[in-house]
Protein chains: 2
Amino acid sequence: MRASDRAYATLRSDIINWRLTPGTVLGEVELSERLSVSRTPIREALAKLTAEGLSEPQSGRGVVVSEISLDHLEELFELRAALECKAAELAAQRRDPVIFLALYEKLSNAGELITAQDPDRADYYQLAGELDSAVDAAVGNHYLNLALKNLRVHLVRVRRLSKDNPVRLRDAAREHAAIALAIAHGNPAVASAATTVHLDNSLRHLLSTAS
Amino acid sequence: MRASDRAYATLRSDIINWRLTPGTVLGEVELSERLSVSRTPIREALAKLTAEGLSEPQSGRGVVVSEISLDHLEELFELRAALECKAAELAAQRRDPVIFLALYEKLSNAGELITAQDPDRADYYQLAGELDSAVDAAVGNHYLNLALKNLRVHLVRVRRLSKDNPVRLRDAAREHAAIALAIAHGNPAVASAATTVHLDNSLRHLLSTAS
DNA sequence: CATCTCAACTATGTATACATAGGGCTTGTT
DNA sequence: AACAAGCCCTATGTATACATAGTTGAGATG
């Protein structure tokens, strides 16, 4: 594996998991020492992060970890609504019913995954990720998938702005199940509407519990 | 200005204007000689182009100008519909009526801009760009604007796949005028619908006249 | 004659040295 | 004491040298 890829993966993970907080200066020299590679791969990694929007040029000199705050939340969800509603619509037109019926079943029982034993909700988020992947595959649109991928980076970051509580997660799982069912039924309008409802609930919850 | 920025701008323009055709190998050494800079800024430029989707890694070694074909057209327009309809909706809710009424007037008379004297339709496309910019400004959503910006790069490239004829451009100008008017009136549903109609017409035209 | 293997060359990945610009600190003057 | 100006330091921008991997071509063997 290339050193620049390792540096990129490390920094990306550090930013997404808030080990590097917004506003942190990403100095080339400091990073090259910390990650034990020369400045060249570090520069490459920083360029990729900046292209993704995880870091920003700082007034012409150096880059900093980009801000993510409540102001960005509503903007982020406007884009999310546009992309995910369209994706749900197209998926409903092109889906394999078997796949989405199976996901519907799993999501309907997702309440069991949310236990005190798993404080990070890794199982739950993995299942939600499976739905996303299935939608992406059904849509089969390279450009739409790319836009969604870019968006999800920021959504993962924003998750840390609020405490997720078990009640909301169980509701969210039910909403996901409703989306999967509408797609399985091949009903674009309902799939899009269910997505709109889910996103509105998610945004309200995030705004109400944000720290 | 930084050498890497110049290299990036030059290459970007060359790709968008089809001076570098899809599939062309972008060798670092060759480019550094042609543009008279060292490989370092060239690498930076290629990384940005690849992040934008204008070039792609070629099986692990080197990058090539990315393909753009009729297959991509329909995918591109699905994403475009999602983003531009949402943008039109939000613009209608947040617009300054004066600005969009003025654009409506200009677009209504845009037929005069399409003359034999201007084979590149520079004036027409500039006016269309003004509408895009006004919508972006009215929406005021950083993430949505960024997604639209990334999309437009590919749209400009795709334009060359077809011959634009004056009749279609005059129709397109009328459709743009309708969008501007709906936004000026503050009617999100109509703005979105007018955008849907416009995009459908554009896509049909592109597909029918493609070379 | 075709195919496989080895070697050499070329292009990319990485490191480092050098140039340069911008910011901060210190000092002097008002 | 405060503000401005100049110098120094540090971090980024660029160039280049070196390492390495992949590809291509040539030669030998079946």
Side-chain angles (χ1 to χ4, degrees), chain A residues 1-16 18-68 146 149 153, chain B residues 1-16 18-68 146 149 153:
Chain A
M1 197 192 226
R2 299 187 303 181
S4 58
D5 290 336
R6 262 186 297 123
Y8 166 72
T10 303
L11 289 173
R12 188 174 186 279
S13 159
D14 283 349
I15 294 174
I16 287 177
W18 288 71
R19 284 187 292 272
L20 289 171
T21 54
T24 304
V25 175
L26 299 172
E28 296 179 6
V29 179
E30 177 221 327
L31 291 174
S32 70
E33 286 169 2
R34 186 156 71 83
L35 302 180
S36 305
V37 288
S38 77
R39 280 178 51 217
T40 309
I42 294 288
R43 287 178 68 79
E44 199 121 335
L46 291 179
K48 275 177 97 170
L49 291 170
T50 302
E52 248 183 325
L54 287 176
S55 58
E56 292 173 342
Q58 183 194 33
S59 68
R61 200 170 178 81
V63 301
V64 298
V65 177
S66 58
E67 293 292 332
I68 187 94
L146 196 64
K149 181 164 155 270
V153 173
Chain B
M1 197 193 225
R2 298 187 302 179
S4 58
D5 290 336
R6 262 185 297 122
Y8 167 72
T10 303
L11 291 172
R12 188 173 187 280
S13 160
D14 283 349
I15 294 174
I16 286 176
W18 288 70
R19 284 187 293 272
L20 289 171
T21 54
T24 304
V25 175
L26 298 172
E28 295 179 5
V29 179
E30 177 221 328
L31 290 173
S32 69
E33 286 170 1
R34 186 157 70 83
L35 302 180
S36 305
V37 289
S38 77
R39 281 177 49 215
T40 309
I42 294 288
R43 288 179 67 80
E44 198 121 337
L46 291 179
K48 276 176 96 170
L49 291 171
T50 302
E52 249 183 324
L54 288 177
S55 58
E56 293 173 341
Q58 184 196 27
S59 68
R61 198 171 179 80
V63 300
V64 298
V65 177
S66 58
E67 294 292 332
I68 185 94
L146 197 62
K149 181 163 154 271
V153 173

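These figures come from a predicted structure and were not determined experimentally. Heavy-atom basis, side chains included; hydrogens, waters and symmetry copies ignored.
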Donor-acceptor side-chain pairing of A:Ser55 and A:Thr50 below 3.5 angstrom: yes

Covered region of DNA chain C, 5' end to 3' end, by chain B [heavy atoms, under 4.0 Å]: C:dA11 to C:dT14

Point-to-point distance, once rounded to the nearest 0.5 Å, from CG of B:Leu20 to OG of B:Ser13: 9.0 Å

Test applied, side chain to side chain contact (heavy atoms under 4.5 Å, CB included); reference residue, B:Val65; option that passes from B:Leu26, B:Val25, B:Leu11: B:Leu26

A:Lys48 vs A:Asp5, side-chain contact (heavy atoms from CB on, under 4.5 Å): CA-CA, chis, key distance, verdict: CA-CA 10 Å; A:Lys48 275 177 97 170; A:Asp5 290 336; 4.0 Å; yes

B:Thr24 (side chain) donor-acceptor with B:Thr21 (main chain) under 3.5 angstrom: yes

